Amino acid sequence: MLTLSYLRQYKSEVIERLKIKHFSQLDLIDKVLELDEKRRQIQKQSDDIKAQQNQISKQIGQLFAQGKKQEAEQKKAESASLKNQIEDLIKTLDSIEQAIQDILVLIPNTPHSSVPQGKTAENNIIIKEGGKKPILFPNPLPHWELAKKLDIIDFELGAKVAGAGFPVYKGKGAKLERSLINFFLDKATAAGYQEVIPPIVVNKESGFGTGQLPDKDGQMYYIPLDELYLIPTAEVPITNLYRDTIIEERDLPIKNCGYTPCFRREAGSYGAHVRGLNRLHQFDKIEIVQITKPEDSYSALQEMCDYVESLLIALELPYRIVLLCGGDMSFASAKTYDFEVYSAAQDKWLEVSSVSNFETFQSNRLKLRYRSADKKNELAHTLNGSALGMARVVAALIENNQTEDAHIQIPACLQPYTGFEII
RNA sequence: GGAAAGAUGACCGAGUGGUUUAAGGUGCACGCCUGGAGAGCGUGUGUACGCCAAAAGCGUACCGCGGGUUCGAAUCCCGCUCUUUCCGCCA
């Protein structure tokens, strides 16, 4: 969330930027600033009275030490009356602070000045296309048909065990999945990201820290008995590793990567566009996360995009890079690039990565700061990206690399991992 | 799941109701000393919010978290969380 001091200082600029995000409740800004004004006024009052009370208590202690009981009793009465005033003020203060918090969590991040205008995905800007679309024979099979024919992914079996959207990978399909995980992790490690294996459930503090809570709790699986959420992305546990910490400037940037399964309820989505691996309740993903100084975060964003692009090139997949417009960006992001691969049999672009700079939006919630060279504590910037989301990569590999006799050619970079060249 | 012990600053560690304004030590920073280093000596050394044009300064809160008792709580009471050890169970 945005900080109050930032809102106070850059109010009109924030409002202009939020218009690019098509945020409709701009009146919340004035409301929260009014509450802030009131809060400061009441805090001053209550701090002053507390100071008086502390003085009196100290005097009482001294009076008792000197054996002046009578005077001490008098002071006690004086202090008691102050106590009532303080209680009232604190009650008001608490409710105002709560009201401020309730509003702040509703205000989305402001988009970076380079984010294009626009309301929906149609206004996104394709900034680059790369790779070559494959030239396939007539009537190529969509991945779910070819996968079934080769018996490498079983959707019905997964449906029996868990439900729709929980596929079972079998044989060479499972090996392909595992090979991709290892390939991506090795690449990320070579690019300077330290590997972590985080928990795949998180508590609500973590969900709040990265911005999934309170607004998107319906999209996460929840375990009520233990009050835990299944992670929708490794971004949540990995970024939260640094919640409530102050990092020395010399230790930045911090670069982490991690593989986890990801769980998404995705309520309300159905139909042809979610067939097969296109949209799942459980899928594997490698995530990259960076924590940087504010002045470095946009070069880090570029570096992460270049890295993700290098993976797509290595996999020889046709891809395009999309700069999201204001209206299509997520609540917490200041700037986001999506990476899509072309899946030939479906004739569809599938999103396989989303790389975002959150600036201080997450770090403010996380209380994630760094100590600058001149000993000041400032909010760090957080970024993350998929590198990559597995299922759709598998879908595209299956469809694009299929042969006329219904086999799948494994790209050269994966063969050392799979140990086979064809499925 | 059962039992016991514990949680204090960057770290170690003292502190069972009132000069605690959290002792002492370590570390760190700066200064003195030195040809240089070390030792020694001195000074400083958390976070958040607020007051102030700003700096300096001052105020408030914070000793795991949340309540309570009291004029006053690190200290007393209640609840919770986590850690360690032992027992049980177990991949």
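What you see is a predicted model; the values in this text were computed from it and never measured.
- With no hydrogens or angles considered, a side-chain donor-acceptor pair links A/Glu235 and A/Gln362 at under 3.5 Å.
- For B/A56, there is no paired base (Watson-Crick or G-U wobble, both distances below 3.5 Å).
- Shown here, B/U20 forms no base pair; nothing in the strands shown gives a Watson-Crick or G-U wobble contact with both key distances under 3.5 Å.
- When heavy atoms are screened at a 4.0 angstrom cut-off, A/Ser57 is found touching base atoms of the nucleic acid.
- Counting only heavy atoms from C-beta outward, the side chains of A/His281 and A/Tyr221 approach each other to under 4.5 Å.
- Taking atom P on both B/C63 and B/G68, the two are 15 Å apart, rounded to the nearest angstrom.
- Between A/Tyr307 and A/Tyr193, the ring-plane angle classifies as tilted under the 30° and 60° cut-offs.
- Comparing B/A10 with B/C28, their C1' atoms sit 8 Å apart, to the nearest whole Å.
- Under the Watson-Crick or G-U wobble criterion, with both distances below 3.5 Å, B/A29 is paired with B/U43.
- Spacing of P atoms, B/A7 relative to B/G64, comes out at 8 Å, to the nearest Å.
- From the 5' end on, the contacts that RNA chain B makes with chain A at under 4.0 Å to a non-hydrogen atom open and close at B/G18 to B/G72.
- Formation of a donor-acceptor pair under 3.5 Å by the A/Thr382 side chain with backbone atoms of A/Phe358 is not found in this model.
- Only the C1' atoms considered, B/U8 is 11 Å distant from B/C12, to the nearest whole Å.
- Between the C1' atoms of B/G2 and B/C71, the separation comes to 44 Å (whole Å).
- For B/U69 and B/C77, the P atoms lie 15 Å apart once the distance is rounded to whole Å.
- To the nearest 0.5 Å, atoms NZ (A/Lys175) and CD1 (A/Ile423) are separated by 10.5 Å.
- B/C76 sits 22 Å from B/U19 when the C1' atoms are compared, rounded to a whole Å.
- Partners of A/Lys58 by side chain to side chain donor-acceptor pair (under 3.5 Å), not counting sequence neighbours: none found.
- Of the nucleotides present, B/U83 is the one that pairs with B/A5 by Watson-Crick or G-U wobble criteria, both distances under 3.5 Å.
- Distance check on atom C1': B/U21 versus B/U60 gives 15 Å, rounded to whole Å.
- A cation-pi arrangement is absent between A/Lys335 and A/Tyr298 under the rule of less than 6.0 angstrom and at most 45 degrees off the ring axis.
- Here A/Ile60 lies in heavy-atom contact (under 4.0 Å) with a base.
- Each of A/Asp47 and A/Asp36 was assigned the nucleotide of RNA chain B with the nearest heavy atom; the assignment lying further toward the 5' end belongs to A/Asp36.
- In this structure B/A73 sits in no base pair that meets the Watson-Crick or G-U test at under 3.5 Å.
- Each of A/Asn377 and A/Asp48 was assigned the nucleotide of RNA chain B with the nearest heavy atom; the assignment lying further toward the 5' end belongs to A/Asn377.
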